[in-house]
Protein chains: 2
Amino acid sequence: MSLPHALLALLSGREMTGYEVSQQFGRSTAHVWQAPDSQIYPALRRLAEQGHLEVEEVDDGGRGTKKRYRVTDAGLDELRYWLASPTQYRRQRDPAYLKAAYLEWAEPAVVRELLTEHIAFHAEHLELLERTRATLLDGSHPTLARRLERHPVAEHEQIVAWKVFAYDGLIDQARTEIAWARRGLDLADRLAGQVTDRVGRA
Amino acid sequence: MSLPHALLALLSGREMTGYEVSQQFGRSTAHVWQAPDSQIYPALRRLAEQGHLEVEEVDDGGRGTKKRYRVTDAGLDELRYWLASPTQYRRQRDPAYLKAAYLEWAEPAVVRELLTEHIAFHAEHLELLERTRATLLDGSHPTLARRLERHPVAEHEQIVAWKVFAYDGLIDQARTEIAWARRGLDLADRLAGQVTDRVGRA
DNA sequence: TTTGACATGTAATGAGTTACATGATTTC
DNA sequence: GAAATCATGTAACTCATTACATGTCAAA
């Protein structure tokens, strides 16, 4: 149930239209919380109904109207309340680890493909995370830059530091996954070697 | 959509009643895939309807009947098919990391509590994982022991190795989380120190 | 005698996914 | 002329969660 809080957190940086929010959810916020448009637009409407967001209808030059959302004081209170309430850890559900525990049912080729794809997936993710982390530090992250404008300079270091901290954790996670899958490939080789040995001796 | 596959994987070790399955989902399988009873019983029924499981009604001495489920050949095929199909990586949705990225909105005391709880949660989890890993290696893991009985000795090492591999990954994940949150506590101290400095100088 | 294990679910609700709908404008 | 971007959703469905329901038996 954190989607509304993810939206409040994102909009705490600056006001945005629904479309901009959905764009951010495809870029920066996506690293910690992903959601499709079909969840975002209704969630924004509900937050507005609850008074956590303020809506302004903006004319969009002939092609209809767009809605600009701004966090209200009640919305900021809700954000702080959520940060202070106990974190709801989600149930463990990891398809890759579930598969890993039962790899005795898979052919060696399947095992290798699975682990290779695990590495590829997280390597790509890792690269993206590292690139984004760099933009946080060199000031070229547009959403962060706009966020900082609204805060006194004394607070900037703190704001940046927590964002970098979050990315550091995600980067560590990705590296952990890659290292694990590499050890899995080594294990696959060892197990294959043993089978070969037995066949050779027979 | 991996719950049915988690059930097939678990039942590939030996036949079980619905209750035993739900017990295992509270113990060994839970580390990679958790589900409540209300999901497990209907899922077992659906797997039986699809022919992936075989049901046997067992009289339970006066107190009704229980159902014993056994994986069919079609069920094993489905398990192998699932292992070979591309892993569906789930959308990133981590409340702890979402909070971390916006900790500038939280009081220092809230930050510390959050990170301390993150450490406690994963430390407890880690301990459980390490204890379970040990039982896999010393032969005292009951579900694994029963699974091995049904396989030739030559395959035992392989079966155990993949289970241990999965646990090793989960253990690394838990350690990564703990290390990350510890660095967060250091960061909180550093940021608090700076505020104190400024106040001191003023 | 009450607690916990055994045994199997249903019902209501909420969260999340996939596919689709619509139409303008800008860029290649 | 086609593709991408802007802009906002609905509808149908599946998956997951929480709470509840029901009754027996064994052990403390």
Side-chain angles (χ1 to χ4, degrees), chain A residues 1-7 11 15-27 29-30 32-50 53 55-69 82 86 88-95 98 142, chain B residues 1-7 11 15-27 29-30 32-50 53 55-69 82 86 88-95 98 142:
Chain A
M1 232 283 273
S2 300
L3 171 62
H5 298 109
L7 294 169
L11 286 160
E15 61 192 46
M16 288 183 203
T17 65
Y19 186 71
E20 284 176 304
V21 170
S22 101
Q23 292 305 98
Q24 291 304 316
F25 259 74
R27 301 199 232 288
T29 315
V32 285
W33 203 272
Q34 287 178 4
D37 291 0
S38 62
Q39 255 192 301
I40 291 169
Y41 287 107
L44 287 171
R45 191 171 46 72
R46 275 195 299 275
L47 282 165
E49 281 165 13
Q50 289 163 9
L53 295 178
V55 205
E56 187 193 348
E57 296 267 343
V58 183
D59 191 66
D60 194 26
R63 56 174 165 184
T65 67
K66 54 188 176 184
K67 288 171 189 159
R68 178 161 291 133
Y69 294 96
W82 167 72
Q88 297 272 310
Y89 290 92
R90 336 195 75 215
R91 285 215 167 93
Q92 176 80 250
R93 260 175 209 150
D94 194 321
L98 176 58
Chain B
M1 231 282 273
S2 299
L3 172 62
H5 298 110
L7 293 169
L11 287 159
E15 61 191 44
M16 287 183 202
T17 66
Y19 186 72
E20 283 176 304
V21 170
S22 101
Q23 292 305 98
Q24 290 305 316
F25 259 73
R27 300 197 233 288
T29 315
V32 284
W33 203 272
Q34 287 179 4
D37 291 1
S38 62
Q39 254 192 302
I40 291 169
Y41 287 107
L44 287 172
R45 192 170 45 72
R46 275 195 300 275
L47 282 166
E49 281 165 13
Q50 289 162 9
L53 295 178
V55 205
E56 187 193 348
E57 297 266 343
V58 183
D59 191 66
D60 194 27
R63 55 172 166 183
T65 67
K66 55 187 176 184
K67 288 171 189 159
R68 178 160 291 133
Y69 294 95
W82 167 73
Q88 297 271 309
Y89 290 91
R90 337 195 74 218
R91 285 213 168 95
Q92 176 79 252
R93 260 173 211 150
D94 193 322
L98 176 57

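Hydrogens, waters and symmetry mates are skipped; everything else that's a heavy atom, side chains included, is used. Convention: sequence-line order gives letters A, B, ...; per-chain numbering from 1.
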In whole Å, I'd like the distance from the CG atom of B:Leu47 to the C1' atom of D:dC15. 15 Å
Choose from C:dT17, D:dT18, D:dG9 the nucleotide whose nearest atom is closest to any side-chain atom of A:Pro36. C:dT17
Taking the minimum atom-to-atom distance to the side chain of A:Gln23, which one of D:dC6, C:dT17, C:dG9 wins? D:dC6
Output the single nucleotide from D:dG9, D:dT10, C:dG16 whose closest atom is nearest the side chain of A:Ser38. D:dT10
Inter-axis angle, terminal five-pair segments of the helix from C:dT1-D:dA28 to C:dC28-D:dG1 [nearest 10°]: 40°
Given D:dC6, C:dG16, D:dA16, the nucleotide with the shortest approach to the side chain of A:Arg93: D:dA16
Figure out the NE2/C1' separation between B:His5 and D:dC15, and round it to whole Å. 15 Å
State which of C:dG16, C:dT8, D:dT5 makes the closest approach to the side chain of A:Tyr19. D:dT5
Testing D:dT17, C:dA15, D:dT8 for proximity to the side chain of A:Gln39, the answer is C:dA15
With a 4.0 Å cut-off on heavy atoms, is A:Arg45 in touch with a base, just the backbone sugar-phosphate, or nothing at all? nothing
Reckon A:Arg68 has a side-chain N or O less than 4.0 Å from the OP1 or OP2 of D:dA7? no
Taking the side chain of A:Trp33 as its heavy atoms from C-beta onward, which of C:dT18, D:dT8, C:dG16 lies nearest to it? C:dG16
Looking at residues at least two apart in the chain, or sitting in another chain, which of them share a side chain to side chain contact (heavy atoms under 4.5 Å, CB included) with B:Ala35? A:Arg93, B:Leu3, B:Phe25, B:Gln39, B:Ile40
